[in-house]
2 protein chains.
Amino acid sequence: MTDAEAIKLSLESSGVRCTAQRYAVMAFLMENNRHPTAAEIFEAVNRMDPRSSRATTYNNLRDLVQAGLVREVAVEGRAARFDATGMKHHHFICDHCGNVEDMDWYDVPRPASVSLGERILRESELIFRGLCAKCALRQ
Amino acid sequence: MTDAEAIKLSLESSGVRCTAQRYAVMAFLMENNRHPTAAEIFEAVNRMDPRSSRATTYNNLRDLVQAGLVREVAVEGRAARFDATGMKHHHFICDHCGNVEDMDWYDVPRPASVSLGERILRESELIFRGLCAKCALRQ
DNA sequence: TTTCAAATTTAGATATAATCTAATTCTTGA
DNA sequence: TCAAGAATTAGATTATATCTAAATTTGAAA
Ligand SMILES: [Mn+2]
Ligand SMILES: [Mn+2]
Ligand SMILES: [Zn+2]
Ligand SMILES: [Zn+2]
């Protein structure tokens with residue numbers, strides 16, 4: 001199976017139509033582990049046909065996040081970043097430049113049931129903070 | 001020592017002048033574990049004297065975060081929320097309403113040194129996601 | 001106490017990020 | 001082929017946060 005077919009399949013098996021614009025977003029995120037912002041994705045997708053409007057880019061990112069194929073990472077004071085939820089991993093967020101980097105995944109202990117109360121837990125996310133390699137050198 | 005003196009002291013020992021406006025932000029966050037947004041803090045502080053402008057509220061929140069007295073929590077698609085960094089704790093963020101709730105703290109295993117590379121780790125933050133008690137009931 | 005430079009505050013403008021609107025185009029299945 | 005729903009679009013709008021430049025306040029030196 002080609003990559004294209006795999007993307008098409010994963011979209012459709014998640015209940016999302018595979019449109020040209022949606023495909024372009026998904027393909028860009030899968031070949032790119034740099035956690036781009038919506039603006040960067042919009043720009044990248046529009047460097048070639050087919051075009052995609054800003055509204056569509058945001059709509060599709062929202063749909064893909066809902067379908068569980070894409071993860072949105074909120075960063076304090078900066079635009080949200082996105083990545084394809086391929087292999088499980090954690091994130092390192094740089095205090096200085098805001099870059100988001102992948103970190104090896106390891107299982108995180110669940111909170112005690114009594115502490116969870118009536119809440120329904122979907123996932124536990126571990127975020128490391130500090131200085132990325134580039135910013136660490138400069139300080 | 002009164003609470004007021006304690007706040008004044010903690011500001012000054014963190015190298016931040018204790019101005020009336022800064023004090024009001026800090027006091028509001030310390031008597032309030034609801035993780036208010038900047039807009040909510042601005043409004044609360046301005047319900048009584050002394051007044052504080054929007055710019056000052058944002059400036060002071062930035063200064064207090066830098067001093068380590070306040071934590072900023074970015075939430076996807078919503079305004080950032082703030083809390084006083086008193087006792088260590090984790091956060092639960094509701095997928096549905098975006099509310100941020102405190103969870104008991106427990107130690108998180110550090111990433112492997114090889115995985116960290118040249119990065120400098122400041123903190124590891126555990127975020128639980130799912131539905132808060134109120135939203136869980138309604139679904 | 002007086003004085004002054006630095007820090008802080010302010011109102012309002014501006015910038016940035018994200019969503020909404022309503023018209024159009026595309027897709028799918030009958 | 002055709003109708004209905006889904007998706008896309010340009011541009012307006014909203015939401016969030018920062019910037020600017022002038023005024024005020026502060027603390028420490030004199
Ligand atoms: Mn990632
Ligand atoms: Mn908290
Ligand atoms: Zn960095
Ligand atoms: Zn909720």
Side-chain angles (χ1 to χ4, degrees), chain A residues 7-8 11-28 35-46 48-67 69-82 96-98 100, chain B residues 7-9 11-28 35-46 48-67 69-82 97-98 100:
Chain A
I7 292 176
K8 188 164 186 292
L11 287 179
E12 280 166 354
S13 71
S14 303
V16 189
R17 261 196 207 166
C18 183
T19 66
Q21 289 83 358
R22 213 168 265 159
Y23 176 92
V25 168
M26 197 65 211
F28 180 67
H35 307 90
T37 63
E40 287 165 351
I41 295 166
F42 169 73
E43 195 191 6
V45 162
N46 277 282
M48 57 196 63
D49 278 329
R51 305 290 137 131
S52 180
S53 73
R54 192 153 39 97
T56 296
T57 305
Y58 275 101
N59 286 344
N60 284 336
L61 282 168
R62 193 229 303 114
D63 296 344
L64 293 169
V65 167
Q66 281 222 317
L69 296 168
V70 166
R71 172 155 59 160
E72 177 174 356
V73 183
V75 183
E76 311 71 40
R78 300 178 187 259
R81 289 158 170 279
F82 298 87
H96 187 252
C97 69
V100 176
Chain B
I7 292 176
K8 189 164 186 293
L9 202 66
L11 288 179
E12 281 168 353
S13 72
S14 301
V16 189
R17 264 196 204 167
C18 182
T19 67
Q21 288 82 358
R22 212 168 266 160
Y23 176 92
V25 168
M26 199 63 212
F28 180 67
H35 306 91
T37 63
E40 287 164 350
I41 295 166
F42 169 72
E43 195 191 7
V45 162
N46 278 282
M48 57 194 64
D49 279 327
R51 305 290 136 131
S52 181
S53 73
R54 192 155 39 100
T56 295
T57 304
Y58 274 100
N59 286 345
N60 284 336
L61 282 168
R62 192 230 303 115
D63 296 343
L64 292 169
V65 168
Q66 281 223 319
L69 295 169
V70 166
R71 173 155 58 161
E72 177 173 358
V73 184
V75 184
E76 310 72 39
R78 301 180 186 258
R81 290 161 169 276
F82 298 87
C97 69
V100 176

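Just so it is clear, the structure is predicted and the values come from calculations on it, not from any experiment. To find a chain, count down the sequence lines: A is the first, B the second, and so on, and within it residues start at 1.
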Would you tabulate the pairs of protein nitrogen or oxygen atoms and nucleotide nitrogen or oxygen atoms of nucleotides 15-20 of chain C closer than 3.5 angstrom?
| unit_1 | atom_1 | unit_2 | atom_2 | d |
| --- | --- | --- | --- | --- |
| C/dA18 | OP1 | A/Ala80 | N | 3.2 |
| C/dA18 | OP2 | A/Tyr58 | OH | 3.1 |
| C/dA18 | N6 | A/Arg54 | NH1 | 3.2 |
| C/dT19 | O4 | A/Arg54 | NH1 | 3.3 |

Practice prompt. Apply side-chain contact (heavy atoms from CB on, under 4.5 Å) to the pair A/Val73 and A/Phe82, showing each step before the final yes or no.
Written response: CA-CA 6 Å; A/Val73 183; A/Phe82 298 87; over 6 Å; no
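- A/Val65 is not listed as a side-chain neighbour of A/Arg71, based on a closest heavy-atom distance of 4.5 Å or more.
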Worksheet item: So B/Val100 and B/Val75, side-chain contact (heavy atoms from CB on, under 4.5 Å) or not? Walk me through it.
Response: CA-CA 9 Å; B/Val100 176; B/Val75 184; 3.9 Å; yes
Discussion item. Apply side-chain contact (heavy atoms from CB on, under 4.5 Å) to residues B/Leu69 and B/Leu11 and explain how you reach the verdict.
Written reply: CA-CA 8 Å; B/Leu69 295 169; B/Leu11 288 179; 3.7 Å; yes
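- For C/dT8, one of the phosphate oxygens OP1 or OP2 lies less than 4.0 angstrom from a side-chain nitrogen or oxygen of B/Arg22.
- Separating the CD atom of B/Glu12 from the C1' atom of C/dA7 is a distance of 14 Å, rounded to the nearest angstrom.
- Atom-to-atom, CG of B/Asn46 to C1' of C/dA11 comes out at 13 Å; the value is rounded to the nearest Å.
- Here C/dA6 presents its C1' atom at 7 Å from CZ of B/Arg17, a figure rounded to the nearest Å.
- Of all heavy-atom pairs spanning A/Ser52 and A/Asn46, the tightest one is O-ND2, 2.8 Å.
- Chain B approaches DNA chain D over the interval D/dT16 to D/dG27, counting the first and last nucleotide 5' to 3' with an atom under 4.0 Å from its heavy atoms.
- Between A/Thr57 and A/Val45, every side-chain heavy-atom pair lies at or beyond the 4.5 Å cut-off.
- Residue A/Glu12 places its CD atom among more than 12 non-hydrogen atoms of other residues, nucleotides or ligands, all under 6.0 Å distant.
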Practice prompt. Apply side-chain contact (heavy atoms from CB on, under 4.5 Å) to the pair A/Arg22 and A/Asp63, showing each step before the final yes or no.
Written response: CA-CA 9 Å; A/Arg22 213 168 265 159; A/Asp63 296 344; 3.1 Å; yes
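- If you check every strand for non-hydrogen atoms under 4.0 Å, A/Thr56 touches a base.
- The CZ atom of B/Arg51 sits 16 Å away from the P atom of C/dG12 (whole-angstrom rounding).
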